[in-house]
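Notes follow once the structure below has been shown.
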Protein chains: 2
Amino acid sequence: MESIESYIKALIQMSGDGPVELRRNLLALHFGCAPSQINYVLQTRFNPESGYLIESRRGGGGYIRITKLNIDPRKCRILAFLEEVVGRGIDEAGATRLFTRLLEERLLSERETQICLAAVRRDTLDLPLPVRDLVRGRIVKAMVLALAKD
Amino acid sequence: MESIESYIKALIQMSGDGPVELRRNLLALHFGCAPSQINYVLQTRFNPESGYLIESRRGGGGYIRITKLNIDPRKCRILAFLEEVVGRGIDEAGATRLFTRLLEERLLSERETQICLAAVRRDTLDLPLPVRDLVRGRIVKAMVLALAKD
DNA sequence: CTATCCTGACTTTCCCTGACCTTCAACTCC
DNA sequence: GGAGTTGAAGGTCAGGGAAAGTCAGGATAG
């Protein structure tokens with residue numbers, strides 16, 4: 001387990017902290033474990049809270065791409081906040097405050113802020129409470145994390 | 001697959017973004033694949049969401065014509081498409097194609113594309129079908145309109 | 001005993017194919 | 001010259017194989 005984790009981290013370091021692509025089955029073969037074990041490692045060690053983003057594709061020529069998020073201290077607090085947002089949900093006013101703040105801190109451009117706000121407006125989602133605030137929470141988190149990648 | 005896609009795109013570029021005519025069987029021969037594979041590529045990569053129009057003719061002297069839709073008259077075409085998207089909903093693959101197309105057209109930056117894609121991912125929305133595709137449709141429309149607003 | 005690690009069976013997604021269908025132009029035959 | 005024939009295109013669809021995802025639950029370390 002430990003070894004899978006450090007193997008992947010070594011790969012990332014070798015690629016200069018850029019994105020790394022893996023083949024799940026090959027990696028499982030290499031470590032003599034079940035393929036689903038790879039998923040477990042990714043979920044527990046390479047999740048957003050640990051500063052990583054996972055993307056993947058199934059089918060022929062499938063892959064798993066791991067991107068190390070650019071984490072600075074400011075964003076650290078945001079990560080914790082995002083977790084809370086996903087758990088409890090967030091209302092439109094709260095989301096607006098968050099995006100406005102990110103705009104002020106120059107973490108979001110004007111256009112990006114407009115996109116984010118449009119995506120989570122009440123009449124865009126058009127769902128009954130409380131599910132609306134929960135869905136909004138997940139969207140907010142996904143969008144903010146997408147920015148931390150690069 | 002990838003290669004067929006980029007081959008066709010190269011053809012289009014060489015023709016100055018004008019219409020391009022292909023012979024399905026020749027292309028299949030050239031890439032050593034089944035002719036129906038060509039149809040698959042066309043359906044998944046050169047559909048209206050990606051901004052392409054396909055016309056074809058069977059029988060002797062048949063052909064497949066691919067036209068890259070110009071973004072200039074997009075004001076009407078995209079708006080009409082967005083209305084459709086809101087009515088019928090849109091799946092993740094369709095939304096991805098749309099945003100990728102907007103990125104290619106430089107109507108979206110790389111970062112903006114990432115935000116949009118993250119917002120409408122299946123596991124972000126985490127809603128049961130068919131409501132998931134409908135919500136995604138509304139979000140897609142809202143985000144695209146937010147961009148058009150300047 | 002509990003938390004963590006790990007697995008196998010099942011699911012989902014994506015690519016690709018072959019068998020069969022539809023359409024078109026040219027050709028034949030009267 | 002019109003009606004049927006025919007061969008050469010492209011279209012469609014169910015299904016198979018590859019690869020990753022999920023999840024309930026067993027195994028194990030502390």
Side-chain angles (χ1 to χ4, degrees), chain A residues 1-8 11 19-50 52-67 138 142, chain B residues 1-8 11 19-50 52-67 90-97 100 117 120-130 132-133 136:
Chain A
M1 228 284 292
E2 193 78 2
S3 52
I4 302 179
E5 180 184 359
S6 46
Y7 178 78
I8 294 178
L11 282 184
V20 164
E21 282 188 12
L22 308 172
R23 314 294 309 276
R24 189 180 76 149
N25 284 343
L26 283 186
L27 206 56
L29 206 61
H30 185 257
F31 283 98
C33 65
S36 52
Q37 168 70 358
I38 305 298
N39 294 82
Y40 176 75
V41 172
L42 294 178
Q43 280 162 25
T44 55
R45 307 293 205 274
F46 294 90
N47 50 26
E49 290 68 44
S50 306
Y52 295 88
L53 200 65
I54 303 293
E55 297 161 291
S56 67
R57 189 173 189 135
R58 306 185 188 190
Y63 60 80
I64 297 176
R65 179 164 42 225
I66 305 177
T67 311
R138 291 195 290 273
Chain B
M1 232 278 299
E2 194 79 2
S3 53
I4 303 179
E5 180 185 358
S6 47
Y7 178 79
I8 295 179
L11 283 184
V20 164
E21 283 189 10
L22 308 172
R23 314 294 308 276
R24 190 180 76 149
N25 284 343
L26 284 187
L27 206 56
L29 207 61
H30 183 257
F31 282 98
C33 66
S36 52
Q37 168 71 357
I38 305 298
N39 295 82
Y40 175 75
V41 172
L42 294 179
Q43 281 163 23
T44 55
R45 307 292 206 272
F46 294 90
N47 48 28
E49 285 142 18
S50 303
Y52 294 90
L53 188 67
I54 303 293
E55 297 160 291
S56 65
R57 185 166 194 164
R58 307 186 187 189
Y63 59 81
I64 297 176
R65 178 162 46 221
I66 304 177
T67 311
I90 186 171
D91 63 14
E92 184 172 341
T96 302
R97 286 192 289 268
T100 303
L117 289 175
V120 300
R121 258 200 287 275
R122 201 178 358 253
D123 52 341
T124 297
L125 299 180
D126 196 19
L127 292 165
L129 286 174
R132 183 170 71 222
D133 283 358
R136 183 183 289 116

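In what follows, chains carry the letters A, B, and so on, assigned in the order in which the sequence lines appear, proteins first and then strands, with residues in each chain numbered from 1. FYI, side chains are in, hydrogens and waters are out, and symmetry mates aren't considered; it's all heavy atoms of this structure. Worth saying up front: this structure is predicted, and the values here are computed from it rather than measured.
- When heavy atoms are screened at a 4.0 angstrom cut-off, B:R45 is found touching the sugar-phosphate backbone but no base atom.
- Spacing between atom CG of A:L42 and atom P of D:dG21 amounts to 8 Å, rounded to whole angstrom units.
- The CD atom of B:Q43 sits 13 Å away from the C1' atom of C:dC15 (whole-angstrom rounding).
- The shortest distance between side-chain heavy atoms of B:L42 and B:I66 falls below 4.5 Å.
- Nearest-nucleotide mapping onto DNA chain C: of B:V41 and B:R122, the residue sitting toward the 5' end is B:R122.
- Rounding to whole angstrom units, CD1 of residue B:I64 and P of D:dA9 are separated by 12 Å.
- Note on A:N25: only backbone sugar-phosphate atoms sit closer than 4.0 angstrom, heavy atoms only; bases stay farther off.
- For the side-chain contact (heavy atoms from CB on, under 4.5 Å) test with B:I8, the passing option among B:V20, B:I38, B:L22 is B:L22; the others fail.
- Atom CZ of B:R23 and atom P of D:dG11 are 12 Å apart (whole Å).
- The residue A:I38 sits apart from the nucleic acid: no heavy atom pair falls under 4.0 Å.
- Remark: of the listed residues B:D133, B:L129, B:T96, B:V120, B:D133 is the sole one forming a side-chain contact (heavy atoms from CB on, under 4.5 Å) with B:D91.
- In this structure, B:Q37 atom CD and C:dC14 atom P are separated by 15 Å, rounded to whole Å.
- Residue B:T44 has no polar side-chain atom (N or O) positioned under 4.0 Å from OP1 or OP2 of C:dC15.
- Within 4.0 Å of B:R65, counting heavy atoms only, lies no atom of the nucleic acid at all.
- Between A:R57 and the phosphate of C:dT13, there is no side-chain N or O to OP1/OP2 separation shorter than 4.0 Å.
- With distances taken from any side-chain atom of A:R58 to the nucleotides D:dA9, C:dC16, C:dT11, the minimum falls on C:dT11.
- In this entry the distance linking CG of A:N39 with P of C:dC5 reads 15 Å, nearest Å.
- At the phosphate of C:dC6, neither OP1 nor OP2 sits under 4.0 Å from any side-chain N or O atom of A:Y40.
- One donor-acceptor pair, N or O on each side, does fall under 3.5 Å between the base of C:dG8 and the side chain of A:S36.
- Distance CD1/B:I64 to CZ/B:R58: 11.0 Å, rounded to 0.5 Å.
- The closest side-chain heavy-atom distance from A:R57 to A:R65 is not below 4.5 Å.
- Taking atom CZ of residue B:F31 and atom C1' of nucleotide C:dT17, one finds them 17 Å apart after rounding to whole Å.
- Rounding to whole angstrom units, CD1 of residue B:I4 and C1' of C:dT17 are separated by 13 Å.
- A:R24 contributes a side-chain N or O that forms a donor-acceptor pair with the base of D:dG21 under 3.5 Å.
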